[in-house]
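Sequence positions, counted from 1, serve as the residue numbers for this chain.
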Amino acid sequence: MRYTKIVRTEDGGSVFQDGEILLEHRHVADGVPAMAVGGMRSSGGVQFLRSAAFDSAAHPAPREQWVVMLRGMIEVTVSDGSRRRFGPGDLVLAADTTGMGHVTTGVGDPPFEALFIPV
């Protein structure tokens, strides 16, 4: 499973990195066919977020966290000017916890919904 990681650069900026969670077919419960399963580090405290607007100034992530997109679409711009859009089913690992951070903009019709999972 592919994901995007946002990381801080040495000059205090931010860039995208591509990552992958390795999946393996595993039996998870009696009566259920084998499923593709992969691990995601987490420290607990999952938060659900719903917002009618999600436009931000440049900001670092408040903590290293997975962002699991559920509904709506956002566009993230990192300090080198690169932009990526994320929608339902996309995974982002926000790891730029210091420096200039990134800008997040809501795209399309609200609401925006996501799970935030601290690492």
Side-chain angles (χ1 to χ4, degrees):
M1 169 121 204
R2 294 181 156 294
Y3 69 92
T4 298
K5 186 174 184 179
I6 305 169
V7 297
R8 180 185 182 273
T9 57
E10 287 194 25
D11 66 357
S14 57
V15 295
F16 293 117
Q17 291 181 346
D18 295 321
E20 188 169 351
I21 296 171
L22 298 178
L23 302 177
E24 63 179 53
H25 285 290
R26 197 182 316 163
H27 174 81
V28 295
D30 290 337
V32 176
M35 298 180 181
V37 177
M40 294 169 50
R41 295 179 297 133
S42 171
S43 65
V46 175
Q47 293 180 331
F48 172 80
L49 180 132
R50 174 183 290 147
S51 179
F54 200 86
D55 295 350
S56 73
H59 65 283
R63 66 195 150 278
E64 188 171 351
Q65 61 189 359
W66 290 102
V67 180
V68 182
M69 297 294 297
L70 300 174
R71 182 177 180 181
M73 183 169 289
I74 59 170
E75 183 173 82
V76 176
T77 305
V78 291
S79 66
D80 72 359
S82 299
R83 297 173 183 209
R84 293 191 185 181
R85 288 188 174 188
F86 304 100
D90 287 333
L91 293 175
V92 178
L93 180 56
D96 60 334
T97 58
T98 60
M100 291 182 273
H102 56 276
V103 174
T104 306
T105 305
V107 178
D109 296 329
F112 161 81
E113 295 179 347
L115 294 177
F116 288 74
I117 306 169
V119 174

Enumerate donor-acceptor pairs with a distance under 3.5 Å from any side-chain N or O in residues 107-119 to protein atoms, sequence neighbours excluded.
residue : atom : partner : partner atom : Å
Glu113  : OE2  : Arg50   : NE           : 2.6
Glu113  : OE2  : Arg50   : NH2          : 2.8

Could you list the donor-acceptor pairs under 3.5 angstrom formed by side chains in residues 92-100, with sequence neighbours left out?
residue : atom : partner : partner atom : Å
Asp96   : OD1  : His102  : ND1          : 3.3
Asp96   : OD2  : His102  : ND1          : 2.7
Thr98   : OG1  : Arg8    : NE           : 3.0

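Using a cut-off of 4.0 Å between Lys/Arg side-chain N and Asp/Glu carboxylate O, Arg84 and Asp18 are scored as salt-bridged.
Through direct or relayed side-chain contacts under 4.5 Å between Ile, Leu, Val, Met, Phe, Trp and Tyr, Met35 connects to Val28, Val32, Val37.
Residues Gln17 and Thr4 are not in side-chain contact: their nearest non-hydrogen atoms beyond the backbone lie 4.5 Å or more apart. Residues Leu91 and Ile21 form a side-chain contact, since some pair of their non-hydrogen atoms from C-beta on lies under 4.5 Å apart. Proximity of Ile6 to Ser14: side-chain heavy atoms (C-beta onward) are separated by under 4.5 Å at one or more points. Between Arg85 and Val76 the shortest side-chain heavy-atom distance does not fall below 4.5 Å.
Put simply, Val103 and Val7 are part of two different groups of oily side chains (I, L, V, M, F, W, Y) that touch within less than 4.5 Å, one to the next. Hydrophobic cluster membership differs between Leu49 and Val68, with clusters built from Ile, Leu, Val, Met, Phe, Trp and Tyr side chains linked at under 4.5 angstrom. No path of Ile, Leu, Val, Met, Phe, Trp and Tyr side chains, each step under 4.5 Å between heavy atoms, connects Met1 with Leu22, placing them in separate hydrophobic clusters.
For Asp80, there are no salt bridge (charged side-chain N to carboxylate O under 4.0 Å, His left out) partners two or more places apart in sequence or in a different chain. With sequence neighbours excluded, no residue forms a ring pair (Phe, Tyr, Trp, His ring centres under 6.0 Å) with Phe16. Considering only residues two or more places apart in sequence or on other chains, Phe86 meets the ring pair (Phe, Tyr, Trp, His ring centres under 6.0 Å) condition with none of them.
A 6.0 Å sphere centred on NE2 of His27 holds more than 12 heavy atoms belonging to other residues, nucleotides or ligands.
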side-chain contact (heavy atoms from CB on, under 4.5 Å) between His59 and Thr104, worked out
CA-CA 9 Å; His59 65 283; Thr104 306; 3.7 Å; yes
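Considering OG of Ser43 and CD of Glu64, their distance stands at 9.5 Å, rounded to 0.5 Å.
Between the side chain of Thr9 and the main chain of Gly13, a donor-acceptor pair closer than 3.5 Å is present.
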